[in-house]
Amino acid sequence: MQLRFFLVLAALGFGASGLAQSLSFGLYARLSPDYLTPTVEATLPLEGLELNARFQREALGVGLGGALELGPLGRLSYGARASLGFAGWGLQAAASGVFGPVAASLEAAYSNTLRSSLWVGDEAEGGLKLGLGGRYRLDGRQTLGLQLGFKNSLAGVASGSGELSYALRRQETYTLGLGIDDSRLYGLLGWRGELDEAGTLLEATLRAGQLNRLEAALTTPLDEDLLNYLKLRLTVAYPWAATLGVEAYGFRVDAGYDGGFSLWLRYRLSFGGNE
Amino acid sequence: MKKLLTIAFLSLGLAMAQNITEITRQVQANLERSPWEATITGRVQLPDGSTQEADFRLQVIPGKEQLARVEFKKPAALEGNFVVISDKEVWNYLFLTNQLIIQPRAKARIEGLGVNLTSLGDFQELTQQVTLRLLGEQNTPAGPAWRIAGTPKDASLGFASMEILVLKSDPRPLSITLRDSSNKVLADLNLTNFRRANLTPQALRKRPADAEVLRRN
């Protein structure tokens, strides 16, 4: 019955969709192994869909995506990308949707080389990767989350992961969860809330146990019109790895360490397109 | 005698027509006087006969750069979602995915629950879409009210008839009822907790700072 209600709303709230464009220029540098490359990301509208392309030294990727907007009820988005480089090739596809109390996402990727060789922003893993995520609102305050993953590396080693979480929203949102990642068990604690009246927002998630990772993101408005924001992102993991990201006024800097240091500077020009 | 009755009837009809024009003018002037907010509660009936409870908060800044915000409280699955409507854009915020979708007003359809909620805050727009006529008066807990009936000028609005109660002492809508062609109630919504408020565009545009912003042209 509830679903019927949302279908009726969807029909009423159905919105036409179109797409727009943006262009990002960047420079990526990494030590051990040393690597330096310019990066370019572009999005263009194409017959109601969005064509996106990204280039770096010795590799390029082309993708196509689209979305169906359902007003306040939700949306459905989908996309696929093919990448080709001197090191090899890769394919990726993803779809995600939210409709009333349910959100789901599906992702699949395969590459015959490390995905970071095809795009510096991707992980240093190759082979098959599958991901399934879902969120369900029990009521206005409580949300259940589930993430499932499967990987089969280039060496033929298979691994799986799963994470179950429960989020309770009051003024702030508290999250509890349990997960397993390649036979490593961990617990999850999360907090998200506003720190002041201006709307500065902090989200922190700690995974601890046989896998240890802290993720924190701080976002604060830079003007009264709420047009520009300063975004800070920090991830620290043990065994030691860390990333730090800063973003404002179209500029973005990401520094990372995962056995070797990396730095990525980017500037994004938006022509009224997807931000 | 028959002629006299006809003249009297026509005169009465003309007076009623003048009245409805005057009432809508008064409502529009009253709602445009200063920013205001109200709660919209009620029930919506689905084609299968079942009903769904609805509870929204409506905030309106009238004027040249009119801005309206609708926050969803019920149904619970939509709690935390909100819509912001300006002359140029419609913002849809989805709580579950923390996404803000921005679309041009001309392309975005903003109806929800079978009724464009902002028409309760913009009588001018309502009169452009619906032919209104005065049915009479009725006593309500808030005071005497005008009963106004409406029929859509465009069948695509999704209802066959409308009835609105407008408070006489402070001309503003108290309730709205939509019916289909077989007179079945599609929506029955009450506008309560109406109050003048010191609303700012910044307050109405407020969104979680970390929301993913998606602009769709």
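What's counted below: heavy atoms across the whole structure, side chains too, no hydrogens, waters or symmetry copies.
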Counting only heavy atoms closer than 4.5 Å, note whether B:L96 contacts chain A via side chain, backbone, both or neither.
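Answer is both: backbone and side chain atoms of B:L96 are under 4.5 Å from chain A.
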
Side chain, backbone, both or neither of B:N81 within contact of chain A (heavy atoms, under 4.5 Å):
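Interface part for B:N81: side chain.
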
Would you say A:T43's side chain and A:S22's backbone share a donor-acceptor pair under 3.5 angstrom?
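Yes, A:T43 side chain to A:S22 backbone: donor-acceptor pair under 3.5 Å.
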
Measure from the side-chain N and O atoms of B:W36 to the backbone N and O of B:L31, and report whether any donor-acceptor pair falls under 3.5 Å.
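Side chain of B:W36 to backbone of B:L31, a donor-acceptor pair under 3.5 Å: yes, one is there.
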
So does A:R137 pair up with B:E79, basic N to acidic O under 4.0 Å?
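Salt bridge absent between A:R137 and B:E79.
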
B:K206 and A:G199: which non-hydrogen atoms are nearest, and at how many Å?
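What the structure gives for the nearest pair is NZ-CA, 4.2 Å.
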
Filter on ring-ring contact (aromatic ring centres under 6.0 Å, His included), then keep only pairs touching residues 172-191 of chain B, sequence neighbours left out; what's left?
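Qualifying pairs: none.
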
Output side-chain donor-acceptor pairs under 3.5 Å for residues 70-81 of chain A, partner residues at least two apart or in another chain, one line each.
{"from": "A:R75", "atom 1": "NE", "to": "A:E69", "atom 2": "OE1", "distance (Å)": "3.1"}
{"from": "A:R75", "atom 1": "NE", "to": "A:E69", "atom 2": "OE2", "distance (Å)": "3.3"}
{"from": "A:R75", "atom 1": "NH2", "to": "A:E69", "atom 2": "OE2", "distance (Å)": "2.8"}
{"from": "A:S77", "atom 1": "OG", "to": "A:S96", "atom 2": "OG", "distance (Å)": "3.0"}
{"from": "A:R81", "atom 1": "NH2", "to": "A:N52", "atom 2": "OD1", "distance (Å)": "3.1"}

Give me each pair satisfying salt bridge (charged side-chain N to carboxylate O under 4.0 Å, His left out) with a member in residues 195-205 of chain A, each pair once, sequence neighbours excluded.
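Found A:R192-A:E203.
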
Just to be sure I understand the criterion: a residue of residues 192-202 of chain B counts if one of its heavy atoms is under 4.5 Å from a heavy atom of chain A. Which ones qualify?
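Checking residues 192-202 of chain B against chain A gives B:Q202.
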
Side chain, backbone, both or neither: which part of A:A103 has a non-hydrogen atom closer than 4.5 Å to chain B?
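Interface part for A:A103: both.
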
